[in-house]
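Following: one structure in structure tokens, then a few remarks.
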Amino acid sequence: ELKVEQNPLFLSMQEGKNYTIYCNYSTTSDRLYWYRQDPGKSLESLFVLLSNGAVKQEGRLMASLDTKARLSTLHITAAVHDLSATYFCAVGAMDSNYQLIWGAGTKLIIKP
Amino acid sequence: DSGVTQTPKHLITATGQRVTLRCSPRSGDLSVYWYQQSLDQGLQFLIQYYNGEERAKGNILERFSAQQFPDLHSELNLSSLELGDSALYFCASSPQAGGPVDTQYFGPGTRLTVL
């Protein structure tokens with residue numbers, strides 16, 4: 001069974017700092033998504049990572065994928081308050097026609 | 001705005017009742033997914049339809065059912081409602097059946113409150 005673990009589950013940080021959210025998964029996959037959710041709102045797709053070594057960047061967020069380590073990271077550079085949200089990773093299960101298995105989410109609070 | 005629409009936005013009902021949630025996918029998308037998100041919980045995948053056919057089932061209760069119509073909109077039916085069914089219900093759509101490059105786009109959700 002494919003399991004996806006995110007850590008930390010909760011992160012409070014100061015503006016201007018850097019931090020990384022980790023997403024580990026338990027079986028083979030070469031497709032990983034990062035989504036953002038604001039409180040009470042819908043989920044917005046941030047990144048799709050489709051191969052080993054894939055790196056994507058948007059503003060202060062950078063996501064990477066290491067399929068050999070079964071690990072993706074979401075790195076936040078010089079955090080700003082507007083990045084406060086819950087971040088989910090989701091992994092496509094290759095043996096289930098790429099059904100997405102979701103992490104529990106990381107609630108990120110960035111204090112001014 | 002993802003292009004996925006859901007109605008209603010809010011729904012308040014009593015235990016034992018039945019409700020129907022509606023979802024219209026993005027133009028051209030063939031797959032519809034339903035998710036449940038309880039307060040402070042992660043996403044629970046319920047069910048997927050692709051071009052009118054059930055494609056995958058997740059943790060969907062027997063009291064819940066769904067269908068996708070010829071015009072590709074989908075409905076999620078929740079019956080014999082319990083307090084624990086109170087949650088945000090999201091619909092997502094994607095162009096294909098969940099292949100390697102299929103991104104899911106989420107609707108705004110329906111907040112269901114069971115009293």
Side-chain angles (χ1 to χ4, degrees), chain A residues 1-10 21 23-25 28-52 54 56 58 63 65 67 85-109, chain B residues 1-7 9-10 23 25-26 29-50 53-60 86-113:
Chain A
E1 181 189 352
L2 175 58
K3 292 185 180 178
V4 179
E5 291 187 357
Q6 282 183 242
N7 68 82
L9 297 182
F10 179 81
I21 299 170
C23 176
N24 292 273
Y25 53 96
T28 303
S29 179
D30 60 0
R31 185 168 67 129
L32 190 138
Y33 297 87
W34 284 97
Y35 281 82
R36 169 184 171 144
Q37 184 181 33
D38 292 315
K41 303 293 185 182
S42 186
L43 282 85
E44 174 191 0
S45 176
L46 293 175
F47 301 111
V48 182
L49 303 168
L50 295 176
S51 61
N52 186 41
K56 290 199 174 177
E58 179 78 31
L65 178 62
T67 59
T86 298
Y87 294 87
F88 290 93
C89 66
V91 178
M94 289 175 73
D95 58 355
S96 301
N97 196 34
Y98 290 96
Q99 282 300 314
L100 293 188
I101 309 300
W102 292 80
T106 296
K107 186 170 184 177
L108 176 63
I109 295 176
Chain B
D1 183 356
S2 66
V4 179
T5 61
Q6 289 186 247
T7 57
K9 278 190 173 180
H10 303 278
C23 168
R26 295 186 325 153
D29 283 0
L30 298 178
S31 272
V32 170
Y33 308 78
W34 286 98
Y35 290 89
Q36 179 192 58
Q37 186 178 41
S38 302
L39 193 63
D40 293 329
Q41 297 295 312
L43 282 168
Q44 296 292 319
F45 167 65
L46 297 178
I47 198 164
Q48 178 198 359
Y49 279 82
Y50 173 71
E53 302 283 332
E54 182 183 304
R55 182 79 178 187
K57 242 179 181 176
N59 300 321
I60 188 165
S86 295
L88 258 177
Y89 290 84
F90 287 109
C91 166
S93 74
S94 69
Q96 300 167 25
V101 290
D102 216 21
T103 297
Q104 294 182 24
Y105 297 89
F106 281 74
T110 293
R111 181 170 293 282
L112 173 66
T113 302

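These figures come from a predicted structure and were not determined experimentally. So you know, we letter chains A, B, ... as the sequences are listed, proteins then strands, and number each from 1.
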Out of curiosity, [X] [atom1] to [Y] [atom2], how far, rounded to the nearest 0.5 Å?
| X | Y | atom1 | atom2 | value |
| --- | --- | --- | --- | --- |
| A:L43 | B:L43 | CG | CG | 5.5 Å |
| B:Y105 | A:S45 | OH | OG | 6.0 Å |
| A:R31 | B:T103 | CZ | OG1 | 7.5 Å |
| B:Q37 | A:T86 | CD | OG1 | 8.0 Å |

| query | Do A:L100 and B:F45 have side-chain heavy atoms sitting under 4.5 Å apart? | reply | no

| Does atom CD of B:E54 have more than 12 heavy-atom neighbours, drawn from other residues, nucleotides or ligands, at distances under 6.0 Å? | yes

| task | Could you go through the ring-ring contact (aromatic ring centres under 6.0 Å, His included) check for B:F106 and A:W102 one step at a time? | result | CA-CA 14 Å; B:F106 281 74; A:W102 292 80; 5.7 Å; yes

| What are the two closest non-hydrogen atoms of A:S42 and B:F90, and how far apart are they? |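 For A:S42 and B:F90, the tightest heavy-atom pair comes out as CA-CE2, 3.6 Å.
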
